[in-house]
Amino acid sequence: MNELLKFSHDRDADFRKSCNDLQSRIDAFVENPMLDDWYIHFEDNYFLPRDIVKQQMKVFLSRKYDYRGCSFHKVLLPLERFKLAIKHTLYLLFVLFFSRSYPGKIKSFNLIAHCISKIDCDRLFSLMALFGRENVLIITDKNMNMPEHKILYQPKHKLCDRKETSRVIFNEIAKGLTLYLFLSNKAGINLVPIANDIVKRYLYAYTVFKYNRSKYYVEQRQYETSAVRNHIFRKYGGAYACCTQTNIQQLGINGFYFDMDVFFAFGKKSADWVHEYGARIDHVVPVGSTAMECYYFKRNIKRSRNCKYDIIYFTIKAPMAFHIMDAYSSFMDDYYSSFQWLAEYSKKNPHLRIGIKHHPTFIFDERERKITDGSSIDYIDQTLNSYEFAFQTKCAVTFGSTMGHELLGHNIHLLYMDPGCRNVFLPDKDDSLLGPYRVTDYDDFSQKLHILLSGQSLEGASNIDKADFCLESNKVC
């Protein structure tokens, strides 16, 4: 077994150090001279340079580590290579069956935007208006009824270019599979699923960008960026593969190896630590929040700042993602501590109106409700607009919501709850960005809430530039 697969982090240790150790192991593996023939194969047959293949491999490997089980998924075990080789072949035949021939006509656009839903399109409305909707191509794998836009429906694994798919199948059967099986045995790690991931991304990007050209490409989730896709985009005339920031950085499975030319960040420092975890980004440009622009400023011509609540807790989508967030032994206790702090503060201050605002996709959490039962905390209708409530509260609190940065940048009082300084959504405890806005225990939480609710400023807050978190977002574009 390869040394990489032997990696197992200690759930009781500093999780930040565990992430650094995992990254070091992955970085060392892709530099192994034993993989030279692997890189030559992708250079010769798919025209993918080594640095591109290495970055894509790193992403794949980082996503195949199970933080709860403290081990890599068994799909990477060498014994799995034959089963995965069969699956890889069947996958390519499936793609061929659902492929299609393209007439060869090349279309040019000023902007190509990747949108997985209508929500994505809404967030990019101002950007698309800037380029002119008639000059923008939206790529999506969903059937979206938007006749006013030019849309390329490109479902996953289907409608790939038939000629190129046939060439890929020939290369994989004639050369690729034999090489993958040989190197998997030699390296002690199953390389077949990694090859499948690279080929899959190659075929998708080839089909899209060979026939649809643009100088600019934009997407909205930094953790879904792809070195292979961006390289193919540039190969066919693209200049800037861009991504807007939609989340604050998170340690763990979604925090490694971003890839883009330009990162449109919330604020001056909101993306500072992405480079520490293998990101390849040429330019970070602070612009503000496209989500806040879309869902608050563009929808509120006559805005009201009348306070409806004294405190609102804006939660994260943790219950739906515990399987990837529960990465260290105290995570669950830390997360629920934030509700215990709020409930205790509510019981000691029953005159205050305190609310909890969950994400629209939130599913009922029994453990959370047991904590808040007996307090005067309100549960705000989760389907309502969170930004509306954020601008109508005296103080907001959160465990790790992206809204924290957005609100701090717009002069709304906010505290990040960070029990024991272990929060995977926040910078290192020695990082100066959060300053007084981080609270690490109940006493700290209570004291700072009293200060903010009394209309005073936190000590040290005047030394922090709010634009470090998020620029004014009433006009991002």
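Hydrogens, waters and symmetry mates play no part in the numbers below; they use all other heavy atoms, side chains included. Just so it is clear, the structure is predicted and the values come from calculations on it, not from any experiment.
- Looking at Thr244 and Arg123, their side chains never bring a donor and an acceptor atom within 3.5 Å of each other.
- By the neighbour-count criterion of 12 heavy atoms within 6.0 Å, atom CD of Glu459 is sparsely surrounded, having that number or fewer from other residues, nucleotides or ligands.
- Between the side chain of Thr207 and the backbone N or O of Leu203 there is at least one donor-acceptor pair closer than 3.5 Å.
- A distance-only check finds no donor-acceptor pair linking the side chain of Thr393 to the backbone of Ala390 [under 3.5 Å].
- Within the 4.5 Å cutoff, no side-chain heavy atoms of Phe445 are placed close to those of Glu344.
- With values rounded to the nearest 0.5 angstrom, Cys115 atom SG is found 5.5 Å from Met128 atom CE.
- With a 4.5 Å cut-off on side-chain heavy atoms, Phe258 and Val59 do not count as touching.
- In this structure a side-chain-to-backbone donor-acceptor pair under 3.5 Å is present from Tyr328 to Arg422.
- Using the six-membered ring where Trp is involved, Tyr67 and Tyr65 have ring planes that are perpendicular, over 60° apart on the 30 and 60° scheme.
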List the steps, then state whether side-chain contact (heavy atoms from CB on, under 4.5 Å) holds for Ser62 with Ile26. CA-CA 7 Å; Ser62 68; Ile26 292 174; 3.9 Å; yes
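- No donor-acceptor pair closer than 3.5 Å links the side chain of Asp12 to the backbone N or O of Ser329.
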Going through the checks in order, is the side-chain contact (heavy atoms from CB on, under 4.5 Å) test met by Tyr277 and Tyr257? CA-CA 6 Å; Tyr277 294 94; Tyr257 305 114; over 6 Å; no
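- In this structure, Gln245 contributes its side chain and Phe263 its backbone to no donor-acceptor pair below 3.5 Å.
- Looking only at side-chain heavy atoms (C-beta outward), Leu408 and Asp468 stay at 4.5 Å or farther from each other.
- A 4.5 Å side-chain heavy-atom check between Glu276 and Gln249 finds every atom pair outside the cut-off.
- Of the inter-residue distances, the one linking Leu449 atom CG with Ile311 atom CD1 reads 4.5 Å to the nearest 0.5 angstrom.
- The neighbour count for Glu148 CD, taken as heavy atoms of other residues, nucleotides or ligands under 6.0 Å away, is above 12.
- Arg63 places a side-chain heavy atom less than 4.5 Å from the side chain of Asn254.
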Check against side-chain contact (heavy atoms from CB on, under 4.5 Å), Tyr202 and Gln56: CA-CA 11 Å; Tyr202 169 82; Gln56 199 65 61; over 6 Å; no
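- The two residues Asp444 and Val439 have their closest heavy-atom pair at OD2-CA, 3.2 Å.
- Between the side chain of Lys142 and the main chain of Lys118, no donor-acceptor pair closer than 3.5 Å is present.
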Dump the intermediate steps for side-chain contact (heavy atoms from CB on, under 4.5 Å) on Gln392 and Tyr309, then the final yes or no. CA-CA 7 Å; Gln392 295 176 2; Tyr309 283 87; over 6 Å; no
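- Panel note: side chain Ser214, backbone Asn110; a donor-acceptor pair is recorded below 3.5 Å.
- Listed for the Asn212 side chain is no donor-acceptor partner under 3.5 Å among the backbone atoms of Phe109.
- Residue Gly400 comes nearest to Ile316 through the heavy atom pair C-CG2, 3.3 Å, listed as atom of the first residue, atom of the second, then distance.
- Summarising the local packing, NZ of Lys475 is surrounded by 12 or fewer heavy atoms from other residues, nucleotides or ligands at distances under 6.0 Å.
- In terms of heavy-atom proximity, Ile312 sits nearest to Ile380 at CD1-CD1, 3.9 Å.
- Annotation: cation-pi geometry satisfied between Lys54 and Tyr39 (NZ/CZ under 6.0 angstrom from ring centroid, within 45° of ring axis).
- Taking the ring centroids of His410 and Phe297, they lie under the 6.0 Å cut-off.
- Donor-acceptor pairing under 3.5 Å is lacking for the side chains of Tyr437 and Asp418.
- Although no hydrogens or angles enter the test, the distance criterion places no donor-acceptor pair under 3.5 Å between the side chain of Arg201 and the main chain of Ala227.
- A salt bridge is absent between Asp365 and Arg369; no separation between the charged side-chain nitrogens and carboxylate oxygens falls under 4.0 Å.
- Between Tyr387 and Glu406, the side chains place a donor N or O and an acceptor N or O closer than 3.5 Å (distance only, hydrogens not considered).
- Aromatic ring centres of Phe15 and Phe331 lie farther apart than the 6.0 Å criterion allows.
- From Tyr335, atom OH reaches atom CE of Met325 across 8.5 Å, with rounding to the nearest 0.5 Å.
- Using a 30° and 60° split on the angle between ring planes, His114 and Tyr217 fall in the tilted class, from 30° to 60°.
- In this structure, CD1 in Ile116 is found 13.5 Å from CD1 in Ile138, a value given to the nearest 0.5 Å.
- The neighbour count for Tyr240 OH, taken as heavy atoms of other residues, nucleotides or ligands under 6.0 Å away, does not exceed 12.
- Using a 4.0 Å cut-off between charged side-chain N and carboxylate O, Arg367 and Asp333 make a salt bridge.
- Here CD of Gln55 is found 10.0 Å from CG of Asn230. Values are rounded to the nearest 0.5 Å.
- With ring centers used as reference points, Tyr313 lies under 6.0 Å from Phe339.
- Distance check: Phe391 CZ to Ile412 CD1 gives 4.0 Å after rounding to the nearest 0.5 Å.
- Classification of Asp120 and Arg221 as a salt-bridged pair holds, one side-chain N sitting under 4.0 Å from a carboxylate O.
- A salt bridge links Lys17 and Asp21; the closest N-O separation between the charged side-chain nitrogens and carboxylate oxygens is under 4.0 Å.
- Using a 4.0 Å cut-off between a side-chain N of Lys or Arg and a carboxylate O of Asp or Glu, Asp310 and Lys394 qualify as a salt bridge.
- A donor-acceptor pair under 3.5 Å is absent between the side-chain atoms of Ser289 and the main chain of Ser473, judged by distance alone.
- A pairwise comparison of heavy atoms in Leu76 and Phe60 identifies CD2-CE2, 4.1 Å as the closest pair.
- Within the 4.5 Å cutoff, no side-chain heavy atoms of Gln222 are placed close to those of Val274.
- Within 6.0 Å of CD1 on Ile119 lie no more than 12 heavy atoms contributed by other residues, nucleotides or ligands.
- A donor and an acceptor atom, one from each side chain of Tyr379 and Thr372, are located under 3.5 Å apart.
- Annotation: side chain of Ile189 is in contact with side chain of Phe29 (closest heavy-atom distance under 4.5 Å).
- In the model, His450 has a side-chain atom that pairs as donor or acceptor with a side-chain atom of Tyr345 under 3.5 Å.
- Open room surrounds NZ on Lys107; 12 or fewer heavy atoms of other groups in view lie less than 6.0 Å from it.
- In this structure, Lys269 places its NZ atom where only 12 or fewer heavy-atom neighbours from other residues, nucleotides or ligands lie under 6.0 Å away.
- Nearest heavy atoms, Ala113 versus Leu124: CB-CD1, 4.0 Å.
- Taking each heavy atom of His405 and Cys470 in turn, the nearest pair found is O-CB, 3.4 Å.
- Side-chain N/O atoms of Tyr416 and Arg438 include no donor and acceptor closer than 3.5 Å.
- With a 4.5 Å cut-off on side-chain heavy atoms, Lys268 and Leu433 do not count as touching.
- By the neighbour-count criterion of 12 heavy atoms within 6.0 Å, atom NZ of Lys308 is sparsely surrounded, having that number or fewer from other residues, nucleotides or ligands.
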